[in-house]
Amino acid sequence: MYKSKAYSAASATSPLAVSTIPRRDLTERDVQIKILFCGICHSDLHAVRDEWNEFMPTVYPIVPGHEIVGEVTNVGSAVTKHKPGDLVGVGCLVDADLTCHECKADLEQFCPNRILTYNDPDKHLGGVLYGGYSESIVVDEHFALRIPANLDPAGVAPLLCAGITTYSPLHHWGVTKGKKVGVVGLGGLGHMGVKIAHALGAHVAVFTTSPGKKEDALRLGADEVIMSRDAGEMQKHEGTFDFILDTASAQHDINSYLSLLARDGNLTLVGAPPEGLHVKPFSLIGGRHSLSGSAVGGIRETQEMLDFCGEHNLTADVEVIPIQKVNEAFDRLARADVKYRFSIDMASLEAD
Ligand code: NAP
Ligand code: ZN
């Protein structure tokens with residue numbers, strides 16, 4: 001066991017502050033990573049503030065962070081995938097049994113024994129695991145991804161969650177050229193959804209509650225922008241969408257989007273507001289619409305997404321911040337005031 005500097009919260013109402021956490025010594029399958037950048041996902045905010053208490057209560061202290069990019073500093077004796085000096089990424093998953101039918105289908109995110117990057121049990125040291133708002137991390141080599149050399153590391157970090165969480169359902173639901181796709185919410189996930197759907201050749205519409213984001217949405221690759229609080233504007237699109245990806249992080253009327261689906265259209269929820277969403281049966285019945293969910297993506301698909309982003313030169317639009325500004329960033333994220341992802345420059349941790 002060794003010590004690593006990190007930012008942690010002591011309770012749902014405490015700010016994040018510098019602290020020291022334990023990290024395990026390398027086992028033979030592990031890689032040790034010096035963290036360069038870590039994105040701030042809205043899930044970090046939900047978890048730190050214990051907003052998902054009903055489903056996954058937060059254990060304190062918590063160190064969030066699952067959009068990690070860093071340099072390999074050391075590897076265990078059996079590691080073959082990575083070597084010291086490699087640039088790698090770690091997302092939401094750090095362990096799974098790799099033997100069950102989900103793992104065999106490259107869907108580790110659904111493995112009954114999967115372990116998330118933070119707030120899940122640490123089977124090596126006891127207690128819970130700590131995330132990426134930290135100097136370094138140790139993970140099994142399977143869960144460390146190769147980062148394309150042409151991409152800027154600060155903008156790559158968010159791909160490890162926001163990138164894969166949008167890429168996976170876009171693929172699963174067959175989004176290609178000629179499909180009309182909607183993206184609800186232009187935040188961290190939403191702006192990656194727009195970039196990826198555009199790169200796949202789809203016609204992309206953004207639904208936003210923020211009139212000030214219209215120009216950005218078009219610049220990011222949207223073909224049109226719809227003000228979701230304007231009922232008249234929404235109505236014009238009734239029955240026309242093949243697929244809608246809903247990334248909204250707070251309570252909203254899902255029926256107003258379901259009614260915009262074409263026959264057999266699907267709306268996939270990736271946004272995880274703690275409150276329930278009220279579905280009216282007639283929003284689904286009329287056009288044989290379906291409503292589904294999606295959770296990040298497996299390791300193979302995450303690598304595929306990174307390689308796709310490398311080929312298309314796609315990264316997140318980031319505001320790089322020193323870790324000392326993390327609490328301010330959380331407050332701004334809660335107000336949907338970020339263009340479009342905060343990425344923490346972990347070198348700033350040396351100043352604490
Ligand atoms: P984010 O950057 O804060 O973006 C969320 C966006 O939702 C906001 O920018 C805003 O866009 C929109 N929004 C906020 N409040 C709204 C409201 N009341 N009604 C309608 N729209 C609203 O968050 P994120 O990091 O992209 O994460 C989004 C959600 O996905 C979170 O709940 C997060 O926990 C979840 N998530 C899920 C997975 C998964 O595997 N399923 C993975 C990562 C994150 P506009 O200003 O454009 O309206
Ligand atoms: Zn996330």
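Please read all numbers here as calculations on a predicted model, not as lab measurements. The figures that follow rest on heavy atoms only: side chains count, while hydrogens, waters and symmetry mates do not. Both counts, for ligands and for their atoms, begin at 1 and track the order of listing.
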Could you tell me which atoms of ligand 1, counted from 1 in the order shown, lie closer than 4.0 angstrom to a heavy atom of [X]?
| X | value |
| --- | --- |
| Thr208 | 45 (P), 46 (O), 47 (O), 48 (O) |
| Leu186 | 9 (O), 11 (O), 45 (P), 47 (O) |
| Ser210 | 45 (P), 46 (O) |
| Lys213 | 9 (O), 11 (O), 45 (P), 46 (O), 47 (O) |

Compute the centroid of each ring, for Phe207 and then for Phe241, and state whether the two points are separated by less than 6.0 Å.
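Yes, the ring of Phe207 comes within the 6.0 Å limit of the ring of Phe241, centre to centre.
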
Looking at [Y], is its backbone amide N or carbonyl O close enough to the side chain of [X] to form a donor-acceptor pair, meaning the two atoms are under 3.5 Å apart?
| X | Y | value |
| --- | --- | --- |
| His66 | Pro64 | no |
| Gln109 | Gly298 | yes |
| Ser168 | Ile164 | no |
| His198 | Gly221 | yes |

So, is [X] polar-close to ligand 1, with some N/O to N/O distance under 3.5 Å?
| X | answer |
| --- | --- |
| Arg229 | no |
| Val270 | yes |
| Tyr340 | no |
| Ala250 | no |

Please classify the [X] to ligand 1 contact at 4.0 Å (heavy-atom distances, strictly less than): side chain, backbone, both or neither.
| X | result |
| --- | --- |
| Thr165 | side chain |
| Gln251 | backbone |
| Trp52 | side chain |
| His252 | side chain |

Report yes or no: do [X] and [Y] form a side-chain donor-acceptor pair below 3.5 Å?
| X | Y | result |
| --- | --- | --- |
| Asp122 | Tyr130 | no |
| Lys213 | Thr208 | no |
| Asp246 | Thr268 | no |
| Tyr340 | Glu319 | no |

Which pairs of donor and acceptor atoms, one on a side chain in residues 279-288, lie under 3.5 Å apart (sequence neighbours left out)?
from	atom 1	to	atom 2	distance (Å)
Ser283	OG	Asn255	OD1	2.7
Ser283	OG	Lys280	O	3.2
Arg288	NE	Asp264	OD1	2.6
Arg288	NH2	Asp264	OD2	3.0

Of all the non-hydrogen atoms in the protein, which one sits nearest to [atom], and at what distance?
| atom | result |
| --- | --- |
| atom 4 (O) of ligand 1 | Gly187 CA, 3.3 Å |
| atom 26 (O) of ligand 1 | Leu189 N, 2.8 Å |
| atom 2 (O) of ligand 1 | Gly188 N, 2.8 Å |
| atom 27 (O) of ligand 1 | His42 CB, 3.4 Å |
| atom 33 (C) of ligand 1 | Ser43 OG, 3.4 Å |
| atom 5 (C) of ligand 1 | Ser249 OG, 3.6 Å |
| atom 30 (O) of ligand 1 | Gly271 CA, 3.3 Å |
| atom 20 (C) of ligand 1 | Thr209 CG2, 3.6 Å |

Is any protein N, O or S atom closer than 2.8 Å to the Zn ion (ligand 2), and if so, which?
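Listed by chain and number, the nearby protein N, O or S atoms are Cys41 SG, His66 NE2, Cys161 SG.
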
Hey, mind stepping through Thr209 and Ser228 against side-chain hydrogen bond (donor to acceptor under 3.5 Å, both in side chains) and telling me if it holds?
CA-CA 6 Å; Thr209 61; Ser228 54; 5.5 Å; no

Arg49 and Asp331 ion-paired at < 4.0 Å:
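Yes, Arg49 and Asp331 are salt-bridged.
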
Salt bridge or not for Lys180 and Asp223, using N-O below 4.0 Å?
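Result for this pair is no, no salt bridge flagged.
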
For residues 138-148, which side-chain N or O atoms pair as donor and acceptor with protein atoms under 3.5 Å away, sequence neighbours left out?
from	atom 1	to	atom 2	distance (Å)
Asp140	OD1	Arg29	NH2	2.9
Asp140	OD1	His142	N	2.8
Asp140	OD2	Arg29	NE	2.8
Asp140	OD2	Arg29	NH2	3.3
Glu141	OE1	Thr80	N	3.1
Glu141	OE1	Lys81	N	2.8
His142	NE2	Glu108	OE2	2.8

Proximal candidate to [atom] [heavy atom criterion; set [options]]:
| atom | options | value |
| --- | --- | --- |
| atom 41 (N) of ligand 1 | Ser294, Gly297, Cys41, Ala334 | Ser294 |
| atom 12 (C) of ligand 1 | Gly293, Ala336, Gly185 | Gly185 |
| atom 43 (C) of ligand 1 | Cys161, Ala248, Ser228 | Cys161 |

Passing option when Asp317 is tested against His191, Arg341, Lys195, Lys339 for side chain to side chain donor-acceptor pair (under 3.5 Å)
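For Asp317, the side chain to side chain donor-acceptor pair (under 3.5 Å) check succeeds only for Lys195.
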
For Arg219 and Asp216: C-alpha separation, side-chain torsions, deciding distance, then whether salt bridge (charged side-chain N to carboxylate O under 4.0 Å, His left out) applies.
CA-CA 5 Å; Arg219 175 179 57 78; Asp216 283 345; 3.3 Å; yes

Can you find a non-hydrogen atom of Arg341 under 4.0 Å from ligand 1?
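Yes, Arg341 has a heavy atom closer than 4.0 Å to ligand 1.
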
Is the closest heavy-atom distance from Tyr257 to ligand 1 below 4.0 Å?
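Distance cut 4.0 Å: Tyr257 fails for ligand 1.
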
How long is the straight-line distance from OG1 of Thr165 back to CG of Leu189, given to the nearest 0.5 Å?
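Result: 5.0 Å between the selected atoms.
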
Looking at residues at least two apart in the chain, or sitting in another chain, which of them share a side-chain hydrogen bond (donor to acceptor under 3.5 Å, both in side chains) with Asn53?
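Partners of Asn53 by the side-chain hydrogen bond (donor to acceptor under 3.5 Å, both in side chains) criterion, ordered by chain and then number, come out as Asp50.
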
